Participant: 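Got a structure for you, questions after.
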2 protein chains.
Amino acid sequence: MKAVRLLLADDEHLIRGALAALLGLEEDLVVVAEAASGPEALAMARAHRPDVAVLDLQMPGADGVSVATSLRSELPECRTMIVTSHARPGHLKRALAAGVRGFVPKTVSAQRLAEIIRTVHGGGRYVDPELAADAISAGDSPLTAREAEVLDLAADGAPVAEIAERASLSQGTVRNYLSSAASKLGAENRHAAVRLARARGWV
Amino acid sequence: MKAVRLLLADDEHLIRGALAALLGLEEDLVVVAEAASGPEALAMARAHRPDVAVLDLQMPGADGVSVATSLRSELPECRTMIVTSHARPGHLKRALAAGVRGFVPKTVSAQRLAEIIRTVHGGGRYVDPELAADAISAGDSPLTAREAEVLDLAADGAPVAEIAERASLSQGTVRNYLSSAASKLGAENRHAAVRLARARGWV
DNA sequence: CGCATCCGATGACAAATGTCATCAACACCG
DNA sequence: CGGTGTTGATGACATTTGTCATCGGATGCG
């Protein structure tokens with residue numbers, strides 16, 4: 001039986017290297033490529049055609065989910081999975097929608113990760129139970145597309161005038177969207193709304 | 001020559017385990033204890049009295065710097081160093097003030113980390129050059145103690161009334177502090193000020 | 001001592017924000 | 001076709017926030 005060919009993508013060299021070393025110790029796993037950014041991960045995947053791509057969620061350039069989306073169309077036979085430290089409910093949903101087959105927090109052990117890689121390679125799926133429960137209890141985003149967009153533009157504390165300009169909307173419209181978004185989220189103002197939406201991965 | 005006894009503290013099992021395995025491969029390094037939280041790190045340090053404590057900056061319970069502070073008084077012969085993914089200028093300053101002798105981002109390789117551990121154990125110091133440059137260019141916090149405190153309470157987007165209550169101050173006083181903090185930071189409003197102060201590690 | 005600085009507060013005013021009602025265009029669905 | 005929901009806008013209004021001047025007390029420093 002041939003070993004499972006892996007692509008590791010994580011911007012932290014320390015973790016990526018350590019992980020590569022540990023997973024390489026497993027008889028049936030071999031790390032064929034490493035990447036430190038989203039675009040690099042894509043390039044390496046094209047060049048080495050791994051069986052499974054293990055992607056960090058937060059990377060420079062493009063996050064794990066968008067890399068997974070690209071891989072799905074470019075290399076359909078390559079299974080993808082996400083490993084992350086800060087997992088939010090919304091991220092899990094987007095990941096699953098992108099065809100990701102494994103979603104695990106970095107708090108698992110390397111042994112466990114190796115097992116999950118095998119599961120995913122075998123065509124199975126694995127989602128961390130706790131993250132799954134969070135995602136279910138958090139529900140879907142009640143925000144419309146524009147509400148989310150405007151809320152995102154408000155994320156850095158910019159005044160309404162600036163948001164309106166960047167979104168090419170009138171200030172009144174922006175205030176309406178922010179107001180409705182905040183009330184949907186049960187927040188006292190837009191800044192608290194931004195925090196809530198962020199915490200749930202809705203922006 | 002006896003091996004350097006290490007304590008590893010990081011809440012992410014995956015990284016901690018991988019790191020322990022990699023560093024353990026070095027002839028002159030031995031991991032004698034691991035911890036997944038601030039308090040646990042302290043307890044393990046007391047029990048195993050390591051030569052060098054390698055601490056993650058962000059951990060549940062107590063962050064790396066406060067653990068380092070406690071270690072400094074409890075186990076003065078134990079050198080401490082911080083390893084982190086999201087390093088902000090202010091964190092470096094606080095770490096150095098706490099007697100930390102090494103400060104490195106997680107983007108370094110394991111080889112490099114092993115070298116730095118040896119340097120620190122030998123009584124030397126090491127600070128990542130890029131982080132050091134950031135810290136110098138960012139300068140010191142211009143905020144007074146209360147300004148920083150009030151700004152911190154404003155971090156979650158709470159209205160002034162709530163901040164005033166939590167800080168036991170009048171609303172007018174809170175607004176004054178927020179206003180002066182924002183103007184010192186060159187921010188348009190308090191929310192942008194919070195972001196700026198956060199980015200520099202001043203809160 | 002005099003001076004500067006920080007803390008804490010008040011009052012007043014201008015500006016930004018939140019809220020609501022209302023309107024119109026458009027798309028989608030049963 | 002009518003109903004529903006989204007988008008985008010306007011106007012009016014109350015509330016919140018930002019800004020400034022000013023005050024008093026405390027603390028620290030040359």
Side-chain angles (χ1 to χ4, degrees), chain A residues 90 93-94 97 138-203, chain B residues 90 93-94 97 138-203:
Chain A
K93 290 215 168 117
R94 279 193 299 136
D140 272 328
S141 170
L143 305 177
T144 69
R146 288 296 177 285
E147 283 167 356
E149 186 184 323
V150 171
L151 200 57
D152 191 43
L153 287 173
D156 55 354
V160 171
E162 193 177 317
I163 300 172
E165 196 184 357
R166 286 202 280 171
S168 303
L169 290 175
S170 91
Q171 298 195 13
T173 303
V174 168
R175 284 193 288 167
N176 286 339
Y177 283 152
L178 289 175
S179 176
S180 101
S183 90
K184 280 179 178 176
L185 297 176
E188 300 208 41
N189 55 45
R190 63 204 164 104
H191 306 286
V194 166
R195 289 182 56 82
L196 274 172
R198 276 273 160 85
R200 288 169 171 68
W202 288 339
V203 291
Chain B
K93 289 217 168 114
R94 278 193 299 137
D140 271 328
S141 169
L143 304 177
T144 69
R146 287 297 177 285
E147 282 167 356
E149 187 185 323
V150 171
L151 201 57
D152 191 42
L153 287 173
D156 55 355
V160 170
E162 193 178 317
I163 300 172
E165 194 184 356
R166 287 202 280 170
S168 303
L169 289 175
S170 91
Q171 298 195 12
T173 303
V174 168
R175 285 192 288 166
N176 286 340
Y177 282 152
L178 289 176
S179 176
S180 102
S183 91
K184 281 179 178 177
L185 297 176
E188 299 207 40
N189 55 44
R190 62 204 164 104
H191 305 287
V194 166
R195 287 182 57 82
L196 273 172
R198 275 274 160 85
R200 289 169 171 67
W202 288 338
V203 292

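Hydrogens, waters and symmetry mates are skipped; everything else that's a heavy atom, side chains included, is used. What you see is a predicted model; the values in this text were computed from it and never measured. Labels below follow one simple rule: chain letters A, B, ... track the order of the sequence lines, proteins then strands, and each chain is numbered from 1.
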Participant: Only pairs at least two apart or in different chains count here, so list each salt bridge (Lys or Arg N to Asp or Glu O under 4.0 Å) that has a residue in residues 154-164 of chain B.
Facilitator: B:D156-B:R166, B:E162-B:R166
Participant: Below 4.0 angstrom, which residues in residues 164-177 of chain B have at least one non-hydrogen atom near DNA chain D?
Facilitator: B:R175, B:N176
Participant: Would you tell me if any nitrogen or oxygen in the side chain of B:T144 comes within less than 4.0 Å of OP1 or OP2 on C:dC6?
Facilitator: no
Participant: Supply the atom-to-atom distance B:W202 CH2 to B:L196 CG, rounded to the nearest 0.5 angstrom.
Facilitator: 8.5 Å
Participant: Please state whether the phosphate of C:dG8, meaning OP1 or OP2, lies under 4.0 angstrom from any side-chain nitrogen or oxygen of B:R146.
Facilitator: yes
Participant: Rounded to whole angstroms, how far apart are CG on A:L151 and C1' on D:dT7?
Facilitator: 17 Å
Participant: To the nearest 0.5 angstrom, please state how far the CD atom of A:E147 sits from the CG atom of A:L185.
Facilitator: 8.5 Å
Participant: Between P on D:dT6 and CG on A:L143, what's the gap in Å once rounded to a whole number?
Facilitator: 11 Å
Participant: Could you check whether A:R198 pairs with A:D152 (Lys NZ or Arg NE/NH1/NH2 to Asp/Glu carboxylate O, under 4.0 Å)?
Facilitator: yes
Participant: Could you give the distance from CG (A:L169) to CG (A:L153), rounded to the nearest 0.5 Å?
Facilitator: 9.0 Å
Participant: If we ignore hydrogens and angles and just use 3.5 Å, is the side chain of B:K184 paired with the main-chain N or O of B:P142 as donor and acceptor?
Facilitator: yes
Participant: Looking only at the side chains, is there a donor atom on one of A:S180 and A:S183 sitting less than 3.5 Å from an acceptor on the other?
Facilitator: no
Participant: Find the distance between CZ (B:R190) and CZ (B:R175) and round it off to the nearest 0.5 Å.
Facilitator: 10.0 Å
Participant: Which residues, if any, of residues 182-202 of chain B bring a heavy atom under 4.0 Å of DNA chain D?
Facilitator: B:N189, B:R190
Participant: To the nearest Å, give me how far apart CD (A:E162) and C1' (C:dA16) are.
Facilitator: 14 Å
